[in-house]
Number of protein chains: 2
Amino acid sequence: MGVGTTQLETAPEPKYWHLKTVLSEALDSEFSVGEILPNERDLAARFGVARATLRQALEQLELEGRLQRRRGVGTTVAPPRVGVAVDPARHTWPGATGDDWQPVDAVRTDRVPAAVARLLETAPGDVVHVVRRNRVSVGRPVAAELLYVPSEVLPGDAESTTGPAHAHAVLAELQTLELDGHDRTVELGSARAEDARLLDRLPGAPVLVVTTRYVSGGRTAAVAVSTYRADTCRLTFGESETEPLLAG
Amino acid sequence: MGVGTTQLETAPEPKYWHLKTVLSEALDSEFSVGEILPNERDLAARFGVARATLRQALEQLELEGRLQRRRGVGTTVAPPRVGVAVDPARHTWPGATGDDWQPVDAVRTDRVPAAVARLLETAPGDVVHVVRRNRVSVGRPVAAELLYVPSEVLPGDAESTTGPAHAHAVLAELQTLELDGHDRTVELGSARAEDARLLDRLPGAPVLVVTTRYVSGGRTAAVAVSTYRADTCRLTFGESETEPLLAG
DNA sequence: CAGTGGTCTAGACCACAGA
DNA sequence: CTGTGGTCTAGACCACTGG
């Protein structure tokens, strides 16, 4: 290489990108999980950048699950992401004994999101039961779910029409059906206000949206839309049922 | 409720959040896929907010796959996310005939990321083949992958040690082994500089990182780290092999 | 070249947690 | 109350695309 050409071709690296790298290495070597970082104003001053630039780096690190920020409290070093099993080896309905979800309540409605209606193949006006469930892992809420079940597919409509009792009733009736199979999609989304509150995050926080379609008797009998915290969760899909391995 | 209490308990909604809602509805009703939006300065002026605030709303919409922004060009309405099958019904090694990946090249190295070394159970200094592969869907690059295969597990070390020929050689040797099973994790990440370039995105762009562990003969024989564009992709995991359904 | 989105600054005020 | 992160502003300049 010629004299002075050392840095040619290198587009100037954005400050926030460089900052992120520096911070990331500092987190590895100089901080331990749970430790609290200096506040944003101090950090920005220390690195000689505007607070907005420093925040851009912190946002990336939070997205990657390295940091956790809480208003009024501070920025702390996040623990490694927790592995959350999404694909139970057993092919069972939601609500089968031993799954990791706790039903909260349920309602009947004839208004479901268009995307869900398309999967359920329901017409406008069809009554659908919506069961809300939460999932907790190691003491922290990790996911919120809305489970949609068309009234048609349930053998006998439960007496209750709302509340926790109705949630249990809908789940119980599902178990009586034969499950032919299911498939799933995973995509990135941002938390709706309601889910954000349950997940202890601000609205718009990044989430992994898992959509599961349950098939019974040749039709889509239920659709579950599960919203996982993207910062703290690593979804695991296991086929080797003997060992946890990647789930650790 | 008493007079004047109508709005109590409502924390003021952030402007960017409200903006996002308004824009989202406008996208549904007044714009079609591929259409180009007014530029950021005009949009900000139209809504009476600073450009930074407008950008915060646009960023969210891009994260959700509603918009696509390109420097020097403009902001366009994104097509619906493309469904990408991650879980082939067939349990096969990467590189089996008919998979959707095209090998690019491969190298031998004794330096692999710590997380990968842990999965492979390799010691520092062990030689590992690293195969780079790309995945294209409907003409667009959707994923980049690094496939790590310890030299030990390959029956005969190929003659070539680098380049496209070596990539094919490593993949071919994998097919001769018996595959016991595999498991996967999915998590949110940000694109490294190299992957970002391949995916036609800026560094740090949100990606879905799929880590697949292939087991053969009681040990982890290979690990694939696949990086999917989170803005344009919806990962599909199918078990009902008869129909595409959710993949559409 | 002109126009776009991407980066960055130096402030300000607000919402929230905890003492 | 103080201190934290969250929101917002009104600028500026840079990097890239396309004609």
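Please read these numbers as outputs of a predicted model, since none were measured by experiment. First the proteins, then the strands, lettered A, B, ... as listed; each starts at 1.
Of the candidates B:Arg201, B:Gln68, B:Arg69, B:Asp231 forms a side chain to side chain donor-acceptor pair (under 3.5 Å) with just one, namely B:Arg201.
Whole-Å rounding puts the B:Asp200 CG to D:dC16 P distance at 13 Å. Atom CZ of A:Arg51 is separated from atom C1' of C:dT9 by 13 Å (rounded to the nearest Å). Nucleotide C:dT7 holds its P atom 16 Å from the NE2 atom of A:His18, rounded to whole Å. Residue A:Glu13 contributes atom CD, which lies 13 Å from atom P of D:dA15 at whole-angstrom precision. Nucleotide D:dT9 holds its P atom 13 Å from the CZ atom of B:Phe47, rounded to whole Å. Between A:Arg197 atom CZ and C:dC16 atom C1' the separation is 17 Å, expressed in whole Å. Between the C1' atom of C:dG3 and the CG atom of B:Leu43 lies a distance of 15 Å, rounded to the nearest Å. Distance, A:Lys20 NZ to C:dT7 P: 12 Å, rounded to whole Å.
Distances were taken from every side-chain heavy atom of A:Val73 (C-beta onward) to each of C:dC8, D:dT4, C:dG18; the shortest belongs to C:dG18. Listed nucleotides D:dC8, C:dG6, D:dG5 differ in distance to B:Arg69; the shortest reach to its side chain belongs to C:dG6. For A:Pro14, the side-chain atoms get nearest to C:dC8 when compared with the rest of D:dT7, C:dC8, C:dG5. You'll find that the side chain of B:Arg71 is closest to D:dC16, out of C:dT7, C:dT9, D:dC16. Among the nucleotides C:dT9, D:dG6, C:dG5, the one closest to any side-chain atom of A:Arg55 is D:dG6. Relative to the side chain of A:Gln56, the nucleotides C:dC8, D:dA12, D:dT7 differ in distance, and C:dC8 lies closest.
Residue-level contact check: A:Arg41 touches the bases, meaning some heavy atom is under 4.0 Å from a base atom. Among the heavy atoms of the strands, none lies under 4.0 Å from B:Leu58.
Comparing B:Gly48 and A:Arg70, the nucleotide of DNA chain D nearest to each residue sits closer to the 5' end for A:Arg70. Mapping B:Glu59 and A:Ala50 onto DNA chain C by nearest heavy atom places B:Glu59 at the nucleotide closer to the 5' end.
Closest heavy-atom contact between A:Arg229 and A:Leu199: NH1-O, 3.0 Å. Closest of all the heavy-atom pairs between A:Gly65 and A:Ala78 is O-CB, 3.4 Å. Of all heavy-atom pairs between B:Arg213 and B:Leu119, the closest is CD-CD2, 4.2 Å.
Residue B:Thr75 places none of its side-chain N or O atoms closer than 4.0 Å to OP1 or OP2 of C:dT4. Listed pair A:Thr53 / C:dT7 fails the phosphate criterion, with no side-chain N or O lying under 4.0 Å from OP1 or OP2. For B:Tyr16 and D:dC8, the shortest distance from a side-chain N or O to OP1 or OP2 is not below 4.0 Å. Side-chain nitrogen and oxygen atoms of A:Asn39 include none within less than 4.0 Å of the OP1 or OP2 phosphate oxygen of D:dG3.
Within a 6.0 Å sphere centred on CG of A:Asp200, other residues, nucleotides and ligands contribute 12 heavy atoms or fewer.
A salt bridge is absent between A:Asp42 and A:Arg51: the closest approach of a Lys/Arg side-chain nitrogen to an acidic carboxylate oxygen does not fall below 4.0 angstrom.
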